[in-house]
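All ligand and atom numbering here is 1-based and tracks the order in the structure. Along the sequence shown, the residues carry numbers beginning at 1. Keep in mind the model is a prediction, meaning the values are calculated, not measured.
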Amino acid sequence: MSGLVQLGGALPVVAERPVPESGPMHDGFGRRIEYLRISVTDKCNLRCVYCMPEEGLPWLRRDQLLSYEEIAEVVRVMAGMGLSRVRITGGEPLVRRDLPTLVRKIRAVDGIADVALSTNAVLLGDLADELRAAGVDRLNVSLDSLRPERIDAIARRAGSAEAIFRGLDAAERAGFAPIKINCVVMRGRNDDEVADFAAVTRERPWHVRFIEVMPTGDNLDVSRDEFVSADEMLESVARVGALEPVAGPPGNGPARYFAFPGARGTVGVITPMSHNYCGTCNRMRLTADGQLRPCLFGSIQTNLRDPLRRGDPIEPLVRQTLRIKPERHWLVQGSDEGSGGLAALSQVGG
Ligand code: SAM
Ligand code: SF4
């Protein structure tokens, strides 16, 4: 083992092997990095109880945000280093004006084979066709309940359920398939709906992924008191029918997938807390203000925005970030210890 790096209060990072100076991106643990999640805004039109405080957060100023041209430049540089897949996220990406323009710029980059989008779907009703035409290949939609009054309560915004269902219908009509549904499961709020969600996959080609809530600075009460493990979620589903392990839809990330025999969709679990999957991590993150983060959690990040604006080369900074990518996250149930000062996932693009 070599290369102990400790940055700004972060936990030590012990890289096991040297990071290649050229060619495809690998980190110090030999993991191939080919996927970038890009946050285009820290703002959101919802206030999900597990994500953002009701009063919102101190938002970034307009001039702190990367422009679409700057984001596309980061993608161009990283595509030259083997990046092939991109996801646009936030905050809520659809609140940023003219998102299809960014999609077109990213699609035009040589080497980018797949562009996906994570959204709460509130604004998707009017945008689904344009996003599809611009080149979004795949959609992930957050949906934490099937019951309108619960959706509004979890999102802390009246009327959101109606807009979300309209957005989902528009996405299906626009030809997005499969659609992945992300559902953060919380005890006492929606854990009794796990089986109902699973039942929907018998009829609709939805890939429902149940997510364990992760602790951040602003959700410690929810992540401590309402945590439900994936094993418990799968037990609830098994009570309504036997599930078989399946390969899952394309763009497979850390989820493990299952299906009822003959069902049109699948059920997946994402287990950041109970079963760590960092060993197969293939991604980095770009925040809305141009910080390249090698891990969702921790305080390690590299400022790409200022060098970009000075016209300095950023490839060496990307290699440096690969060198300090930690082996795993160090989240602790009910504590913000491992989240590296992060108030909410919306700040870094969950
Ligand atoms: N606004 C978009 C959305 O909700 O899909 C994109 C950003 S959101 C931060 C991305 C994903 O992170 C969503 O699926 C959301 O449910 C999930 N998420 C946010 N905070 C979380 C937490 N503390 N634990 C687990 N998942 C979380
Ligand atoms: Fe907004 Fe997505 Fe966070 Fe909900 S999970 S508050 S929709 S960023």
Side-chain angles (χ1 to χ4, degrees), residues 37-57 59 87-96 99 116-124 127 136 138-145 151-157 160-161 163-164 167-168 171 179-186 189-190 197 207-230 233 253-255 268-274 277 283 285-288 293 296-297 329 331-336 338-340 342-350:
R37 295 174 70 103
I38 301 172
S39 172
V40 294
T41 179
D42 55 336
K43 290 193 179 131
C44 188
N45 43 5
L46 301 183
R47 294 288 183 274
C48 302
V49 291
Y50 51 80
C51 183
M52 261 196 211
E54 184 138 31
E55 64 282 10
L57 292 160
W59 310 121
R87 174 172 297 279
I88 298 170
T89 179
E92 173 46 40
L94 301 190
V95 303
R96 183 146 174 193
L99 194 68
L117 175 73
S118 286
T119 173
N120 61 28
V122 168
L123 298 174
L124 199 54
L127 281 168
V136 173
R138 295 180 301 108
L139 271 188
N140 284 13
V141 172
S142 284
L143 184 68
D144 298 315
S145 172
I151 295 175
D152 288 5
I154 292 171
R156 294 192 288 217
R157 286 287 183 272
S160 45
I164 291 167
L168 274 166
I179 294 179
K180 291 184 190 166
I181 303 288
N182 286 343
C183 174
V184 176
V185 179
M186 294 162 284
R189 283 190 212 263
N190 62 355
F197 265 108
H207 297 282
V208 178
R209 295 117 51 86
F210 300 118
I211 305 177
E212 292 177 344
V213 63
M214 293 178 265
T216 60
D218 272 332
N219 79 2
L220 289 180
D221 45 351
V222 172
S223 62
R224 183 188 54 237
D225 303 337
E226 300 176 24
F227 178 80
V228 180
S229 75
M233 299 171 201
V269 286
I270 302 183
T271 58
M273 304 307 294
S274 65
Y277 42 72
R283 61 196 59 187
R285 290 183 157 77
L286 183 66
T287 66
R293 290 179 71 93
L296 177 54
F297 295 105
H329 75 70
L331 289 176
V332 179
Q333 189 63 54
S335 151
D336 63 352
S339 62
L342 205 61
L345 257 53
S346 60
Q347 292 180 316
V348 290

Give a yes-or-no answer on whether the side chains of E92 and T41 include a donor-acceptor pair shorter than 3.5 Å.
no
With heavy-atom distances below 4.5 Å as the criterion, would you say the side chains of N140 and R87 are in contact?
yes
T89 and I38, any side-chain heavy atoms less than 4.5 Å apart
no
Less than 4.0 Å is my threshold; does some heavy atom of C44 fall inside it relative to ligand 1?
no
Polar contacts were defined as any N/O atom of the residue lying under 3.5 Å from an N/O atom of the ligand; does this apply to N140 and ligand 1?
no
Taking atom 27 (C) of ligand 1 as the reference point, the nearest protein heavy atom with its distance
L345 CD2, 3.6 Å
Which atoms of ligand 1 sit under 4.0 Å from any heavy atom of N182?
14 (O)
Between C183 and F197, what is the shortest heavy-atom contact and its length?
SG-CE1, 3.8 Å
Starting from atom 14 (O) of ligand 1, which protein heavy atom do you reach first, and at what distance in Å?
S142 OG, 3.1 Å
Can you find a pair of side-chain heavy atoms, one from M214 and one from E212, that are under 4.5 Å apart?
no
Of all protein heavy atoms, the one nearest atom 16 (O) of ligand 1 is Y50 OH, 3.1 Å
Does a side-chain heavy-atom distance below 4.5 Å link L143 with L168?
yes
Could you list which atoms of ligand 1 come closer than 4.0 Å to a heavy atom of T89?
6 (C), 7 (C)
Residue from L94, I164, L99 passing side-chain contact (heavy atoms from CB on, under 4.5 Å) with L123
L94
Identity and separation of the nearest protein heavy atom to atom 23 (N) of ligand 1:
M214 O, 2.9 Å
Closer than 2.8 Å to atom 3 (Fe) of ligand 2, what protein N/O/S atoms do you find?
C51 SG
Can you find a heavy atom in the side chain of R189 that is under 4.5 Å from one in the side chain of V222?
yes
Polar contact flag, side-chain donor to acceptor under 3.5 angstrom, S142-N182:
no
Just jot down the ligand 1 atoms closer than 4.0 angstrom to any heavy atom of G91, in number order.
1 (N), 2 (C), 6 (C), 7 (C)
So which heavy atom on S118 is nearest to which on R37, and how close?
OG-NH2, 4.3 Å
Using a strict cut-off of 4.0 Å, indicate which atoms of ligand 1 neighbour a heavy atom of V213.
24 (N), 25 (C)
Tell me, do I151 and S160 make a side-chain contact under 4.5 Å, heavy atoms counted?
yes
Within the 4.0 Å heavy-atom cut-off, what N219 brings close to ligand 1 is side chain
Distance-only, no hydrogens or angles: does the R156 side chain make a donor-acceptor pair with backbone N or O of M52 under 3.5 Å?
yes
Taking all heavy atoms of L124 and all of G167, pick out the closest pair and write down the distance.
CD2-O, 3.6 Å
4.0 Å protein heavy-atom contact status of atom 2 (Fe) of ligand 2, strictly under
no
Testing the basics here: between D144 and Y50, what is the closest heavy-atom pair and its distance to 0.1 Å?
OD2-OH, 2.7 Å
Which ligand 1 atoms does E92 reach within 4.0 Å, using its non-hydrogen atoms?
1 (N), 2 (C)
Give a yes or no on whether atom 4 (O) of ligand 1 lies under 4.0 Å from any heavy atom of the protein.
yes
Considering distance alone, does some N or O of T216 sit under 3.5 Å from an N or O of ligand 1?
no
Distance under 4.0 Å to a non-hydrogen atom of E212: what atoms of ligand 1 satisfy this?
25 (C)
In ligand 1, which numbered atoms sit nearer than 4.0 Å to a non-hydrogen atom of V184?
16 (O), 26 (N)
